[in-house]
There are 2 protein chains.
Amino acid sequence: MPPDSAPEPIVKSPKGRRKVSDAPSRRDLVLDAAEALFSRHGFDGVTVRQVAQAAGVDVALPNYYFESKQGLYDAVFGRRALVLNDRREAALRRVMDSEDAPTLESILRAFIVPVQTMHAAADPGFRNYCRLVAQVNSSGVLAPMMTTNFDRLILKFIDALRRVLPHVADRELYWGYHCLSGALTLTMASTGRIDHLSNGLCRSDDAEDAYEHLISFHLGAFQAMEDRARAICRKG
Amino acid sequence: MPPDSAPEPIVKSPKGRRKVSDAPSRRDLVLDAAEALFSRHGFDGVTVRQVAQAAGVDVALPNYYFESKQGLYDAVFGRRALVLNDRREAALRRVMDSEDAPTLESILRAFIVPVQTMHAAADPGFRNYCRLVAQVNSSGVLAPMMTTNFDRLILKFIDALRRVLPHVADRELYWGYHCLSGALTLTMASTGRIDHLSNGLCRSDDAEDAYEHLISFHLGAFQAMEDRARAICRKG
DNA sequence: GTCTATACCGTGATAGAC
DNA sequence: GTCTATCACGGTATAGAC
């Protein structure tokens, strides 16, 4: 009998009631612990035992809930992917349904600001999730998870970009998104490298600053693409 | 006695001669095998035993040469970092010492083309190395290896950029490099994600295409930064 | 000096008892 | 829903072969 196993004090005593407490369920505790560990050490760098210990539950519980370590990882990744997709989709809809015509900047913001919000959230779980996405995105073996979880909505964003960049060829647009995606995920990784490189002038974990620069950088890049494409269009 | 243990046929018979054969040393075989495995599965996803087996050597040999698994990883990472740094430094020197004034494009090319060359090399080891760098760069725990191996030269490149972008503030410049770095390493990762997203229109492993787009995208982005900074400078 | 065989000991995943 | 026993596997040290 583990002495520290009861973070829900009120739930058990009157056995008629169910889950009135707002304490996180043990399932969520496992997800949170796994998220924190995976985000720092990767899939193979974490053991189920570590997850269980960090969550304060028995070793066997993660497997009970999620079938396998892989299942746990998928659950961790999927959980907040839903949240991010919802927020991005709502933001995009707001832009596209607005009275005013959508602009390049408004679309980029709809894509990026929800990530910024996560990165800056009080709940450290969101920051951990950002790191996790960064790893998955450049991992090779795990990259298919990006496709599964995000591509449907990303294609909508690319459609939106196509509308405000009418002269840009599709291939350019896809490569442009690729560049944006790389910069965005590196920002999400928050590795502290730029801190060192800039001698403290820039800070990885200053979300406000990081994502504002990300937006203005890519605003310039995409606008330049459009300008150049239009010029060629005229000339040709 | 392993029957398949002799990839150097001529070396041993006349014992007077030393290493005339151009066959790779066993040390290099271990490095190559480790590189291939690490680049796909990460540090913790690979066991020393797998490395040994892939290299066709005894389990203890990697540790004999490199002290520990970590030592092996460091050696793998450092080996081609030297090559890349040399090529980049030579390219940068050519640009800066030229009669013609350096341009934004020439500097970006000096930075990026050596990577493109590696990515497109016939030796698959170079491609594996590209993937490895991509992982390390967005890993959190391993990112310090980037600093150790690359920052000295990267600061030289940032200096060069500062010269051709005289109105851009330092902070902007560092964030710009950050964005470039993210896009570049995602390109190096070659995950095939853009293939899927673009429905086959773009291909991760078409190095020619990928890096040309990378260059023109960032040419536009940095030039826009300079233009905007100059405009503000005039106005203010 | 280069390399192999093997043993050690901690750790991990998982199945099945409770 | 929890605990535990099992058993395989991992990194590395060591003894010695060539």
Side-chain angles (χ1 to χ4, degrees), chain A residues 1-9 11-13 15 18-19 21 23-31 33-34 37-38 40-76, chain B residues 1-21 23-34 37-38 40-76 141-142:
Chain A
M1 56 195 84
D4 55 305
S5 68
E8 310 108 314
V11 176
K12 279 193 173 178
S13 25
K15 70 179 172 185
R18 281 190 188 272
K19 265 280 158 202
S21 145
S25 70
R26 294 161 81 94
R27 196 172 184 278
D28 287 334
L29 285 175
V30 171
L31 283 174
L37 287 163
F38 283 141
R40 265 173 254 287
H41 308 289
F43 181 80
D44 295 292
V46 174
T47 72
V48 175
R49 289 174 119 96
Q50 288 175 296
V51 172
Q53 185 168 17
V57 302
D58 188 85
V59 239
L61 203 68
N63 279 325
Y64 171 71
Y65 280 129
F66 304 103
E67 238 102 85
S68 66
K69 188 181 177 187
Q70 184 64 55
L72 173 59
Y73 196 91
D74 292 344
V76 168
Chain B
M1 55 194 83
D4 54 307
S5 70
E8 311 109 312
I10 336 161
V11 175
K12 280 195 170 177
S13 25
K15 68 178 172 186
R17 225 186 312 146
R18 281 193 187 271
K19 266 277 160 200
V20 187
S21 146
S25 71
R26 291 158 81 85
R27 195 172 184 282
D28 287 334
L29 285 175
V30 171
L31 283 173
D32 290 339
L37 286 164
F38 283 141
R40 264 172 254 288
H41 308 289
F43 181 78
D44 295 291
V46 174
T47 70
V48 176
R49 297 173 134 92
Q50 287 175 297
V51 172
Q53 184 169 14
V57 303
D58 187 84
V59 237
L61 203 67
N63 277 325
Y64 169 70
Y65 280 127
F66 305 104
E67 238 101 87
S68 67
K69 189 184 177 184
Q70 184 63 54
L72 172 59
Y73 196 90
D74 292 344
V76 167
V141 252
L142 300 176

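Lettering of chains follows the sequences in order, A, B, ..., and the numbering in each one begins at 1. The model shown is predicted, which means the values in this text are computed figures rather than measured ones.
- The aromatic rings of B/Y73 and B/F38 lie perpendicular to each other, with more than 60° between the two planes, well past the 30° mark.
- Exactly one of A/V46, A/D44, A/T47 qualifies for a side-chain contact (heavy atoms from CB on, under 4.5 Å) with B/D44. That residue is A/D44.
- Across all strands, A/Y65 comes closer than 4.0 Å only to sugar-phosphate atoms, never to a base (heavy-atom distances).
- Closest approach of A/A33 to A/A54, counting heavy atoms only: CB-CB, 3.9 Å.
- For the pair A/E67 CD and C/dT14 C1', the interatomic distance rounds to 13 Å; values are reported in whole Å.
- Between B/K69 and D/dG10 there is no side-chain N or O to OP1 or OP2 distance below 4.0 Å.
- Rounding to whole angstrom units, CG of residue A/D58 and C1' of D/dT4 are separated by 9 Å.
- Summarising the geometry, the separation between CZ on B/F43 and P on D/dG10 is reported as 14 Å, rounded to the nearest angstrom.
- Atom CZ in A/F66 sits about 14 Å away from atom C1' in D/dG1, given to the nearest Å.
- For A/R26, a side-chain nitrogen or oxygen approaches OP1 or OP2 of D/dT2 to under 4.0 Å.
- Looking only at distances, a side-chain donor or acceptor of B/K69 sits under 3.5 Å from a matching main-chain atom of B/F43.
- Distance CD (B/Q53) to P (D/dG11): 13 Å, rounded to an integer number of Å.
- Each of B/R49 and B/R27 lies near DNA chain C, and the nucleotide nearest B/R27 is the one positioned closer to the 5' end.
- Contact annotation for B/S68: backbone-only contact, meaning every heavy-atom pair under 4.0 Å involves sugar-phosphate atoms and none involves a base.
- D/dA13 atom P lies 7 Å from atom CG of B/N63, rounded to whole Å.
- Among the protein residues, A/V59 comes within range of the nucleic acid bases, having at least one heavy atom under 4.0 Å from a base atom.
- B/F38 places its CZ atom 12 Å from the C1' atom of D/dG11, with the value rounded to the nearest Å.
- No engagement by B/V30 is indicated, since no non-hydrogen atom pair under 4.0 Å with the nucleic acid exists.
- Residue B/A75 comes nearest to B/L31 through the heavy atom pair CB-CD2, 3.9 Å, listed as atom of the first residue, atom of the second, then distance.
- Atom-to-atom, CG of A/L61 to C1' of C/dC18 comes out at 16 Å; the value is rounded to the nearest Å.
- Between B/Y64 and C/dT2, a side-chain N or O to OP1/OP2 separation shorter than 4.0 Å is present.
- For the pair A/T47 and A/A60, both in contact range of DNA chain C, the more 5′-proximal nearest nucleotide belongs to A/T47.
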